[in-house]
Each structure stands twice: as structure tokens, then as C-alpha cells.
Amino acid sequence: MLEAVGVREPAESVYRLLVASGRASAEELVRRTGMDPASVRHALDSLTGMGLVSHTDGELRVFRAVPPDVALLPRIKSGADALELARVEAARLIEAYQDTARRHHAGQLLEVITGAEALRQHLRQIQTSAREEMLWFCKAQYVAMPSGSNAEEYEALGRGVRYRVLYEKAFFDDEGAVDNVAAGVRAGEVATPPRIVP
């Protein structure tokens, strides 16, 4: 459970026992955990080095857990901050990679998707990775996504992605299409009906 913040077994078990018992000597920990003395000593050295455990001076040391809010929460925050920085840097690297690929391979400026299932998966992937805005054109006689089946749109709207959708007039001939569009608008979609030219 605590491996994400660098506390591995058996150190985690020793720390949990010290949190529950308040304080204990190494000998008591050996007796209560059933571990061998070398494993307990190694766990205590590791926990002390990470600032999760303190001990008294003297030959017979008594160990106690540093309070979890003091010992663990800063480590968790630091780990979360590091993950966020890594995510931002990964996004920059992806963008740089794609820019390089487009410069070297002009053919990648246009991607051709063949087949309904491949198109459906590609549309889902685009929506899942969208961060700011989706521009969508809905034609009648769908190829990949029937009206009302685009769950990814609602998830993206929930993340704050803007959706602007242009609907072909014949799209509304399908049964339930009006209700599905109304549900999307209620969720935040900006729907643009077709222009009727006299």
C-alpha cells in the first residue's frame, strides 16, 4: 500500500506495527512480527533513513513511528507533484515527436482510416485525449457511431472539453436523434443545426 511513496515490505509492516503500538524495541518487533532480527534491523534502518521512525539514544533503543501526517503526506504530495511534472513533460515530448514526424513525412498530415471498427476506435481515442475543444460533424447514415452511443463525449464534457457539433439536416430523420442531441446540449454541447437555404 505504501510502496508508491517508497516504503516497501517488510518496512511497511514494521511501520504499521509501530503506529499501532506507539513504541517498541527491535527485540519486541522481532517477536511481534515473526521476522528474523536482520530483516527487522534493515527495516528500522530504512524507516529511520526516510524519516518515518525515530528512536531513543542508548544501547537499548526504543523506536516510535513519526506521525503519518508528518511523515507520509509530504512524500505523497511530492510524488503527486513529480507525476504532474512528468505528465506535462510527456505531453510536450508527444507534441515535439508529432511535429517532427509531420515535417519529415508530409503524408502524415492526412490520416486515412478504413473500416467502421477502426474509425470507431480512432474517434474514441481522439475524444479521450482531447484537452480543450472537439469540433464534430454528424452526418446522417452513420458509419461508426450510432446516435446516442458516444459515451466519450459526456466524459470529455465532464473534464471541461468544449464540444461544437454541426448536424446534417437528414441526421434528425433517425429515430431518437432529436432526444440524443438534446441530451448532449444539456450536458454542455454546442449544437449547430443545418442552414436551410430557400
Side-chain angles (χ1 to χ4, degrees), residues 1-105 108 111 117-118 120-134 149-162 187-188:
M1 295 289 287
L2 298 180
E3 190 170 343
V5 290
V7 185
R8 295 185 173 85
E9 289 293 355
E12 180 176 342
S13 294
V14 171
Y15 180 72
R16 287 180 180 277
L17 185 55
L18 285 170
V19 167
S21 62
R23 54 192 300 170
S25 67
E27 290 75 12
E28 288 172 323
L29 290 167
V30 168
R31 193 166 55 252
R32 293 172 70 178
T33 61
M35 298 179 200
D36 62 89
S39 295
V40 169
R41 278 196 304 273
H42 185 269
L44 288 169
D45 288 344
S46 175
L47 291 166
T48 302
M50 287 188 285
L52 273 69
V53 163
S54 63
H55 59 76
T56 59
D57 293 329
E59 194 170 324
L60 184 59
R61 290 179 171 177
V62 176
F63 297 85
R64 70 170 59 224
V66 173
D69 57 332
V70 175
L72 293 175
L73 292 185
R75 296 177 74 89
I76 292 169
K77 183 181 183 312
S78 175
D81 290 346
L83 281 174
E84 178 59 18
L85 286 172
R87 187 195 67 75
V88 170
E89 191 56 34
R92 284 191 189 125
L93 289 169
I94 291 167
E95 193 172 332
Y97 179 85
Q98 290 172 343
D99 286 346
T100 301
R102 281 192 289 267
R103 283 197 306 273
H104 288 86
H105 304 286
Q108 291 193 15
E111 185 173 1
E117 181 57 31
R120 188 161 38 247
Q121 289 188 5
H122 198 69
L123 291 172
R124 286 175 175 153
Q125 181 184 5
I126 290 171
Q127 293 178 92
T128 300
S129 61
R131 289 178 290 180
E132 294 182 14
E133 184 176 55
M134 282 291 303
S149 69
N150 189 7
E152 286 75 18
E153 175 180 354
Y154 295 100
E155 292 171 8
L157 285 165
R159 296 195 310 272
V161 176
R162 293 186 304 273

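Computed over heavy atoms, backbone and side chain alike; hydrogens, waters and symmetry mates excluded.
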*asked:* Rounded at 0.5 Å granularity, tell me how far CE in M50 sits from CG in D45.
replied: 11.0 Å
For [X] and [Y], work out which heavy atoms get closest and say how close.
X	Y	answer
S39	P10	O-CG, 4.3 Å
S54	V66	N-CG2, 4.1 Å
M35	V30	O-CG1, 3.3 Å
Y15	A65	CE1-CB, 3.7 Å
V14	A43	CG2-CB, 3.9 Å
V40	A26	CG1-O, 3.9 Å

_So if I apply the side chain to side chain contact (heavy atoms under 4.5 Å, CB included) rule between Q127 and each of E155, H122, E153, which one comes out positive?_
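When E155, H122, E153 are each tested with Q127, the side chain to side chain contact (heavy atoms under 4.5 Å, CB included) holds only for E153.
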_With T33 via side chain to side chain donor-acceptor pair (under 3.5 Å) - residues at least two apart_ =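 Result, side chain to side chain donor-acceptor pair (under 3.5 Å) vs T33: none returned.
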*Distance-only, no hydrogens or angles: does the Q121 side chain make a donor-acceptor pair with backbone N or O of E117 under 3.5 Å?*
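Checked: no pair found.
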Could you pull out all residues at least two apart from [X] that satisfy side-chain contact (heavy atoms from CB on, under 4.5 Å)?
X	result
T128	E152
V161	A130, M134, A156, R159, Y163
E9	E12, S13
R31	E28

*Which residue pairs pass the ring-ring contact (aromatic ring centres under 6.0 Å, His included) test with at least one member in residues 22-59, sequence neighbours excluded?*
H55-F63
_Within-4.5 Å side-chain heavy-atom neighbours: L18 and L44_ =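 L18 reaches L44 side chain to side chain.
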